[in-house]
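A quick write-up on the structure given underneath.
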Amino acid sequence: MHPIVAIENLKQHVGSTVTMRGWLADKSSKGKLHFLKFRDGTGFVQAVVFKGDVGEGFFDEVGRLGQESSLVLHGVVKSDERAPGGVEVSVVGGEILQKVEGFPITPKEHGPDFLLSNRHLWLRSRRQWAILRIRDCVAKAIRDFYEQEGFICVDSPIFTPAACEGTSTLFEVDYFDEEKAYLTQSGQLYAEASAMAFGKVYCFGPTFRAEKSKTRRHLTEFWMLEPEIAYATLDDVMQHAEDLLCFVVKRVLERRRVELATLERDVAKLEAIVPPFPRLSYDDAHALIEKHAPGQHEHGDDFGAPDETIISNQYQKPVMVHRYPHEVKAFYMKRDPHDARKALCVDVLAPEGIGEIIGGSQREEDLDVLRGRIAEHKLPEEAFSWYLDLRRYGSVPHGGFGLGLERTVAWICGIEHVREASAYPRMMYRIYP
RNA sequence: UCCCCGAUAGCUCAAUGGUAGAGCAUGCGACUGUUAAUCGCAGGGUUGUAGGUUCGAGCCCUACUCGGGGAGCCA
């Protein structure tokens with residue numbers, strides 16, 4: 001028996017004979033040689049089978065294996081400069097678990113419809129392997145960052161009795177007798193309650209938007225991180241967002257080099273993600289757009305996707321745009337004491353066209369002002385009675401933001417579409433597999 | 001909800017209104033260093049659905065279905 005070694009650890013076993021358990025990713029043959037691209041979930045390695053080393057029976061059997069056949073291989077680990085990972089394995093034997101024919105996803109090009117319909121199998125391909133391992137790394141980095149910063153994870157509920165902001169379209173579900181529940185579109189309001197109990201908190205989980213958005217930036221189900229910090233001002237929130245993004249990018253650069261290389265990501269662009277990030281007021285951002293595309297953006301309106309592109313293209317780092325007109329923002333955002341027309345809010349726009357990855361604000365903490373806002377937005381006050389209690393019992397300044405995980409991963413990976421940043425993306429016209 | 005585009009072999013695509021094609025994949029064969037290997041041979045089709053125009057429709061027209069991109073909205 002040889003030790004079972006994961007492909008990602010092969011470098012530590014150069015010269016010894018090991019066992020690998022996995023799947024055949026690809027194969028090419030030349031005479032008495034088979035070159036197997038072998039994967040085990042932790043990585044990919046080339047395994048070379050010489051007819052003279054393994055005997056004719058096993059050699060011929062391996063030669064007939066189709067893509068994604070499952071097998072166990074025994075072989076000698078050799079460092080080899082010709083190999084992409086620095087090592088390859090000379091096979092001395094093995095066992096075939098299943099011979100596969102007709103695996104649908106070949107190493108050639110495919111269209112998005114076909115790939116998404118085969119998402120359960122597409123996950124095995126190199127690129128998806130790299131993206132989802134980076135997603136895992138990002139999620140872990142987020143939790144590590146908050147542990148380091150003294151935050152407590154208090155998750156918000158997924159079933160909610162009503163809209164959080166009263167704007168987005170919600171998914172409705174039956175909730176026992178005659179009652180309706182809605183899938184959450186944001187954990188923020190609950191996070192505010194949690195922050196009053198624990199000081200610094202975050203929630204991190206799935207959220208749902210029933211809007212009929214069909215773009216490369218939208219999913220109907222996505223993961224959102226929402227920190228909420230008692231006694232925080234808008235400046236604190238912006239500083240916190242900058243710290244978080246720098247921590248996450250640095251971590252991915254430390255631990256996911258192979259995956260970034262697989263995606264052919266320009267790591268210089270990620271290495272440039274260091275403090276400080278540019279901070280731009282809404283008015284400055286408007287002026288910037290006016291300079292590059294006169295007349296495109298009307299002052300007072302929210303920024304559209306083309307506007308965001310112009311802004312983010314001016315910088316190599318995420319851009320923080322703050323203090324939007326309050327009319328285009330949510331009811332719970334505090335007004336700027338220096339300019340009542342503005343809200344104390346911030347959007348963080350990622351570089352390279354992915355758009356907004358963070359939206360946050362300082363919250364209105366005054367009971368009467370907040371009740372007025374609810375009335376102005378024509379929202380039912382009853383639905384917010386528990387939320388208003390937070391302003392009745394020990395109200396303090398506070399703030400936080402929401403970070404879209406898939407958009408963040410898409411930006412870090414340098415991929416076009418957020419759907420690849422989710423293992424099983426849910427979109428308007430797609431809920432299979 | 002609105003705008004644009006698409007649907008032909010397992011996949012990606014081609015085909016002036018006139019016999020439905022290629023590359024890749026698959027199967028068989030050759031080759032001891034491949035990296036999207038190469039070379040030879042072979043199999044593979046109700047052109048998304050329904051109707052219409054026409055001597056004749058993959059192609060033109062109408063409707064529908066499914067999908068893609070974008071707007072709005074947002075992360």
Side-chain angles (χ1 to χ4, degrees), chain A residues 25-37 44-53 59-60 63-67 78 80-85 88 90 100-118 121-122 126 164-165 167-170 185-188 204 206-226 241 301-309 328-330 346-350 354-360 401-411 416-419 421-422 427-430 432:
Chain A
D26 195 12
K27 181 191 70 182
S28 69
S29 301
K30 190 168 172 33
K32 299 187 173 66
L33 277 170
H34 294 309
F35 299 99
L36 313 181
K37 285 207 188 77
F44 293 77
V45 71
Q46 174 161 279
V48 186
V49 187
F50 282 86
K51 196 173 190 172
D53 290 345
F59 183 83
D60 290 346
R64 284 192 297 272
L65 292 180
Q67 190 185 344
K78 295 180 173 169
D80 190 321
E81 285 182 13
R82 292 170 296 187
E88 67 171 33
S90 290
V100 169
E101 267 180 48
F103 187 73
I105 302 175
T106 61
K108 303 300 175 186
E109 58 186 317
H110 299 286
D113 180 39
F114 176 78
L115 289 170
L116 288 165
S117 295
N118 289 283
L121 304 176
W122 187 23
R126 236 183 168 100
C164 289
E165 302 178 24
T167 53
S168 303
T169 318
L170 298 163
Q185 52 162 346
S186 166
Q188 179 202 312
F204 190 23
T207 52
F208 307 86
R209 302 278 168 95
E211 281 137 359
K212 294 186 174 177
S213 301
K214 279 183 61 172
T215 82
R216 65 170 178 278
R217 301 182 304 279
H218 288 89
L219 297 171
T220 55
E221 174 182 332
F222 66 95
W223 273 58
M224 188 151 68
L225 161 77
E226 297 182 281
D301 287 355
D302 202 352
F303 296 125
D307 304 317
E308 292 183 355
T309 302
V328 301
K329 289 294 177 181
V346 60
D347 283 359
V348 180
L349 309 179
I354 278 294
E356 185 182 342
I357 54 172
I358 284 179
F401 60 74
L403 172 141
L405 178 65
E406 288 80 2
R407 285 188 185 175
T408 303
V409 171
W411 161 53
E416 275 286 303
H417 202 301
V418 290
R419 65 189 167 207
S422 171
M427 285 167 291
M428 190 179 156
Y429 290 124
R430 193 175 286 279
Y432 175 92

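Residue numbering restarts at 1 for every chain, and letters A, B, ... go by the order of the sequence lines.
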Partners meeting ring pair (Phe, Tyr, Trp, His ring centres under 6.0 Å) with A/His110 (sequence neighbours left out): A/Phe114
Determine, step by step, whether A/Leu33 and A/Val48 satisfy the side-chain contact (heavy atoms from CB on, under 4.5 Å) criterion, reporting the C-alpha distance in whole Å, the side-chain angles of both residues, the deciding distance to 0.1 Å, and the verdict. CA-CA 7 Å; A/Leu33 277 170; A/Val48 186; 3.6 Å; yes
Please report the distance separating the P of B/A7 from the corresponding atom of B/C61, rounded so that it comes out in whole Å. 14 Å
Watson-Crick and G-U pairing of RNA chain B written in dot-bracket, each distance under 3.5 angstrom, with | for inter-strand partners: (((((((..((((....[..)))).(((((.......))))).....(((((..]....))))))))))))....
Can A/Phe50 and A/Lys32 be said to form a side-chain contact (heavy atoms from CB on, under 4.5 Å), step by step? CA-CA 6 Å; A/Phe50 282 86; A/Lys32 299 187 173 66; over 6 Å; no
Among the nucleotides B/U1, B/A71, B/G67, which one has an atom lying closest to any side-chain atom of A/Lys212? B/U1
When rounded to the nearest Å, what value does the distance between C1' atoms of B/A9 and B/A42 take? 15 Å
Give a yes/no on whether any side-chain N or O of A/His417 is located under 4.0 angstrom from OP1 or OP2 of B/G69. yes
Which of A/Thr408, A/Val348, A/Leu225 passes side-chain contact (heavy atoms from CB on, under 4.5 Å) with A/Ile358? It is A/Val348
Expressed in angstrom and rounded to an integer, what is the separation of A/Trp122 atom CH2 from B/U12 atom P? 12 Å
For A/Phe303, give me all partners under ring pair (Phe, Tyr, Trp, His ring centres under 6.0 Å), at least two apart in sequence or on another chain. A/Tyr282, A/His297, A/Tyr324
In B/S/- notation (B base, S sugar-phosphate only, - none; protein heavy atoms under 4.0 Å), nucleotides 20-31 of chain B written 5' to 3' is ----SS-----B
Of B/G72, B/A75, B/G68, the nucleotide closest to the side chain of A/Pro112 is B/G68
Determine the Euclidean distance between corresponding C1' atoms of B/C59 and B/U19; express it in Å to zero decimal places. 16 Å
Point-to-point distance, once rounded to the nearest 0.5 Å, from CZ of A/Arg209 to OG1 of A/Thr220: 11.5 Å
Is there, by distance only and without an angle test, a donor paired with an acceptor across the side chain of A/Lys214 and the base of B/G68 below 3.5 Å? yes
Would you confirm whether A/Ser29, through its side chain, and A/His34, through its main-chain N or O, come within 3.5 Å as a donor-acceptor pair? no
Earlier contact from the 5' end, RNA chain B, for A/Val418 and A/Ser213: A/Ser213
With the six-membered base ring of B/G33 as reference, does the ring of A/Phe35 sit under 5.5 Å away with planes under 30° apart? no
In this structure, CG of A/Leu65 is separated from CG of A/Leu36 (nearest 0.5 Å) by 8.0 Å
Closest to side chain of A/Phe114, choosing from B/A37, B/C74, B/U12: B/U12
With A/Glu356, which residues qualify under side chain to side chain contact (heavy atoms under 4.5 Å, CB included), at least two apart? A/Glu308, A/Asp347, A/Leu349, A/Arg407
Looking at A/Arg430 and B/C66, is any side-chain donor or acceptor paired with a base atom of the opposite kind under 3.5 Å? no
Counting any heavy atom closer than 4.0 Å, what does A/Leu33 reach on the DNA or RNA strands: base, sugar-phosphate only, or nothing? base
Across the strands shown, which category fits A/Asp26 at heavy-atom distances under 4.0 angstrom: base, sugar-phosphate, nothing? sugar-phosphate
Please tell me which of the listed nucleotides, B/A75, B/A37, B/G72, lies nearest to the side chain of A/Glu356? B/A75
Classify the side chain of A/His110 versus the base of B/C11 as yes if they form a donor-acceptor pair under 3.5 Å and no if they do not. no
Distance between P atoms of B/G48 and B/A20 (Å, rounded): 15 Å
Gap between atoms CG and P, on A/Asp113 and B/G10 respectively (whole Å): 15 Å
Would you mind reporting whether A/Asp53 and A/Phe59 have side-chain heavy atoms less than 4.5 Å apart? no
Quote, to the nearest angstrom, the P distance that separates B/U38 from B/G23. 12 Å
Between B/C28 and B/G18 - P atom distance, rounded Å: 40 Å
Where each residue is assigned the nucleotide of RNA chain B containing its nearest heavy atom, which of A/Asp302 and A/Phe50 is assigned the position nearer the 5′ end? A/Phe50
Please produce a list of atom pairs where a protein N or O lies less than 3.5 Å from an N or O of nucleotides 4-9 of chain B.
none

When you check the side-chain N and O atoms of A/Glu226 and A/Ser186, is any donor under 3.5 Å from an acceptor? yes
Mind checking the P distance from B/C4 to B/C11? Whole angstroms is fine. 29 Å
Between B/G33 and B/U49, how far apart are the two P atoms, rounded to whole Å? 49 Å
Looking at B/U34, B/C74, B/A71, which one has an atom nearest to any side-chain atom of A/Gln46? B/U34
Would A/Arg419 and A/Arg430 count as a side-chain contact (heavy atoms from CB on, under 4.5 Å) if you check the C-alpha gap in whole Å, the side-chain angles of each, and the deciding distance to 0.1 Å? CA-CA 11 Å; A/Arg419 65 189 167 207; A/Arg430 193 175 286 279; over 6 Å; no
For A/Asp80 and A/Gln46, what are the C-alpha separation, side-chain angles and deciding distance, and is it a side-chain contact (heavy atoms from CB on, under 4.5 Å)? CA-CA 10 Å; A/Asp80 190 321; A/Gln46 174 161 279; over 6 Å; no
